[in-house]
Amino acid sequence: MAQKAQPARGMRDVVPPVGEVRRQVANRILDVYTAHGFEVIETPAMEDLDVLVGSQGGDNEKLIFKVLKRGERLDEALARQDELADLGLRFDLTVPLARFVANHYNELPMPFKVAHVAPVWRAERPQKGRYREFSQCDIDIVGEPGVAAEVELCGATLEALEAVGVAGCTVRVNDRRLLRAAVDRWLGPIEGPGPVYIALDKLDKLGPERVAAELSGYDGAGVKALMGWLDSADPTDGPEEVAADLAATLASLSSTGRSVRFDPALVRGMGYYTGQIFEVSHPDVAYSLAGGGRYDGMTARFGAPALPMCGFSIGFERVCDMVDPDRFLRGRHRVAVLCSSQEEQLRCLAEASARRAGDPSATFNVLRRARNARKQADDLALLGYDQVVDGAGFAGPAQP
RNA sequence: GUGGCCGUAGCUCAGUUGGUUAGAGCGCCAGGUUGUGGCCCUGGAGGUCGGGGGUUCAAGUCCCCUCGGUCACCCCA
């Protein structure tokens, strides 16, 4: 029996003309980021498993695709019933970036502004807007402790979304320090507030009763007060420094016409955030298009100084699903040259080379004429060809 | 990880209360016709009916399991 031809679960082939749309969307996002001075880097798809686990990545750590040890090391691990994997596919770009910064600390300019566009993998159950392989468009600022970093990251992210034609986005902003203060105040100092954050994050979806049920281990009056606080809190309901930072971020973004909103119930699942956190929402979809926040000190794990770091990540597939493909496929000059014989095709190939040199932005595509001309014309139209010409007219017979 | 719906050719699907060698359209390959090629005609390749087990004289059809797709939940980009 033939092997099945489908890609692995939750992963997708990219067929034309989607590949062209993706290429242009990625280019425009990167153009915005590099115009802001973010430098492009790359990191490997795989990291040592130790880098990924214990990275405070929240539930994502459970979703790591692990890579088996190889050869003798695998045999030994099997015999000892030891950990069988020593590598894993990255589940985000933030953890690899912290490793990258620690590794290249001495050679990097500080502050360092970095752009990182690459695929990540999570072993989740696939559904709409959620895949097991997807790309993130990250920008991060390393070495800037003030909210200028947050403001620029939010501004650049919204600008990138506008550049690809996704309008009507709103950034929701909150601060982990504000949440921490509220939790401490109503529930008392908690060792690991992670699970409390996760429960509170569901307030808008589940409602107060079910959230209270999830927090049944805590003082009922405190939980109720905490949820009431979330409902009506404003940025000044916390430490002065935090309130000032939030006010600065909100004011700066609003003053440049950005749609920005304080959302006390925004929590996010990652454990590594230390300050402001943000998400980009759009009225047409339930999930967020981008997410990020401040995660100071992550570099310390890798033996480097505890640097201030802040980042924002666009979900590439989610954005591509929202753009109008015609915006990227139309308006190009693409010429298909159809040839009826090999001699004609060879003449046209030479002619096409000359024309490309004269018009680098255009496409000149020399093809054998298909038996079903109607189908061929339809296919070419779908690929964005604005001209289909006959090979005989494109390049005449060679001179004797 | 939990639940609903769905798996028949490359694609879209038909297949009657279980009953002969499982079909159509489109696409693909070849040929005929046509002022080479779009319409039309002929032929061909391509399916262990997602996989496994069970019930039955007989399973694409009924039952169970499993894998995959899809949607929702949890969580996330």
Side-chain angles (χ1 to χ4, degrees), chain A residues 1-13 15 25-26 29 57-64 90-94 116-139 157 160-161 166 169 171 194-195 197-207 210-211 213-214 266-273 277-282 285-293 311-322 336 338-344 367-381 388-392:
Chain A
M1 180 167 67
Q3 284 286 321
K4 71 164 187 178
Q6 287 132 331
R9 174 159 205 213
M11 311 201 182
R12 304 185 305 170
D13 292 327
V15 296
V25 169
I29 290 172
D59 285 346
N60 289 335
E61 287 185 32
K62 299 177 196 161
L63 305 175
I64 296 172
R90 60 182 170 215
F91 56 81
D92 73 7
L93 298 179
T94 304
H116 196 185
V117 175
V120 303
W121 294 266
R122 294 179 192 172
E124 295 186 277
R125 192 92 169 248
Q127 64 177 279
K128 191 188 196 77
R130 158 178 286 172
Y131 311 103
R132 300 180 108 182
E133 176 183 57
F134 61 97
S135 289
Q136 297 192 319
C137 310
D138 265 46
I139 40 175
T157 297
L161 290 169
V166 177
C169 294
V171 194
Y197 291 157
I198 302 295
L200 295 177
D201 191 31
K202 302 172 192 169
L203 191 55
D204 56 332
K205 293 174 195 164
L206 301 186
R210 295 176 62 185
V211 171
E214 291 202 21
L266 174 65
V267 179
R268 298 187 54 73
M270 309 298 197
Y272 50 61
Y273 291 120
I277 48 183
F278 5 87
E279 267 182 22
V280 170
S281 352
H282 190 278
V285 288
Y287 42 74
S288 60
L289 297 181
F312 213 151
S313 178
I314 290 179
F316 183 65
E317 279 71 16
R318 290 181 173 183
V319 169
C320 286
D321 284 349
M322 297 198 69
L338 304 186
C339 302
S340 301
S341 71
Q342 178 159 287
E343 295 69 37
E344 183 175 290
L367 295 168
R368 185 176 67 83
R369 190 185 295 280
R371 193 165 185 278
N372 188 337
R374 168 65 113 170
K375 172 95 173 16
Q376 188 171 33
D378 290 347
D379 288 346
L380 289 168
V388 177
V389 302
D390 191 274

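Keep in mind that what you see is a predicted model, and the values were worked out from it rather than measured. Atoms considered below: every heavy atom in the structure, side chains included; atoms not considered: hydrogens, waters and symmetry mates.
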Using a 4.0 Å heavy-atom cut-off, does A/Y131 contact any base of the nucleic acid, only the sugar-phosphate backbone, or nothing at all? base
With sequence neighbours left out, write down each residue that passes side-chain contact (heavy atoms from CB on, under 4.5 Å) with A/K128, or none if nothing qualifies. none
I want to verify a distance call: between B/rU2, B/rA77, B/rG38, whose nearest atom is closest to the A/R125 side chain? B/rU2
Nearest whole angstrom, please: distance from the C1' of B/rG1 to the CZ of A/R9. 11 Å
What's the spacing between A/W121 CH2 and A/R90 CZ if we round to 0.5 Å? 5.0 Å
For A/Q136, which of A/D92, A/T94, A/V117 qualifies under side-chain contact (heavy atoms from CB on, under 4.5 Å)? A/D92
Have a look at A/R318 and say if it touches a base, only the backbone sugar-phosphate, or nothing, with a 4.0 Å heavy-atom cut-off. base
Nearest-Å distance for atom pair CG/P, residues A/D59 and B/rA77: 11 Å
Only Watson-Crick and G-U wobble pairs with both distances less than 3.5 Å should count. Give RNA chain B in dot-bracket notation, marking inter-strand partners with |. (((((((..((((.....[...)))).(((((.......))))).....(((((..]....))))))))))))....
Stacking check: are the rings of A/F134 and B/rA77 less than 5.5 Å apart at their centres and under 30 degrees in tilt? yes
Expressed as a whole number of Å, how far does the P atom of B/rA59 sit from that of B/rA22? 13 Å
Using atom CD of A/Q127 as one end and atom P of B/rC74 as the other, report the distance to the nearest whole Å. 10 Å
Once you round to the nearest 0.5 Å, how far does CZ of A/R132 lie from CZ of A/R9? 5.5 Å
Looking across every strand, which nucleic acid part, if any, lies under 4.0 Å from A/R268 by heavy atom: base, sugar-phosphate, or nothing? sugar-phosphate
Taking N and O atoms by type only, does the side chain of A/R371 place a donor or acceptor under 3.5 Å from a partner on the base of B/rG31? yes
Does any non-hydrogen side-chain atom of A/H282 lie less than 4.5 Å from one of A/V166? yes
Length of the CZ-P vector between A/R130 and B/rA77, whole Å: 10 Å
State the NE2-SG distance between A/H116 and A/C137, to the nearest 0.5 angstrom. 11.0 Å
Tell me: CZ of A/R132 to C1' of B/rG1, nearest whole Å? 12 Å
Across the strands shown, which category fits A/A370 at heavy-atom distances under 4.0 angstrom: base, sugar-phosphate, nothing? sugar-phosphate
Any base atoms under 4.0 Å from A/G10, or only sugar-phosphate, or nothing? Heavy atoms, all strands. sugar-phosphate
Does A/R130 count as lying over the ring of A/Y287, i.e. NZ or CZ under 6.0 Å from the six-ring centre, within 45 degrees of the axis? no
Under 4.0 Å between any heavy atoms, over every strand shown, what does A/L338 touch: base, sugar-phosphate, or nothing? Just pick one. nothing
Whole-Å distance between B/rC74 C1' and A/L63 CG? 11 Å
How is A/S288 classified with respect to the nucleic acid when contacts are heavy atoms under 4.0 Å: base, sugar-phosphate, or nothing? sugar-phosphate
Sequence neighbours excluded, the answer for side-chain contact (heavy atoms from CB on, under 4.5 Å) partners of A/A373 is none
If you look at every strand shown and take non-hydrogen atoms under 4.0 Å, does A/E124 touch a base, only sugar-phosphate, or nothing? base
Figure out the CE/P separation between A/M11 and B/rG68, and round it to whole Å. 12 Å
A/K375 near the nucleic acid: base, sugar-phosphate alone, or nothing, with a heavy-atom cut-off under 4.0 Å? sugar-phosphate
Measure from CD on A/Q376 to P on B/rC28 and round the result to the nearest Å. 10 Å
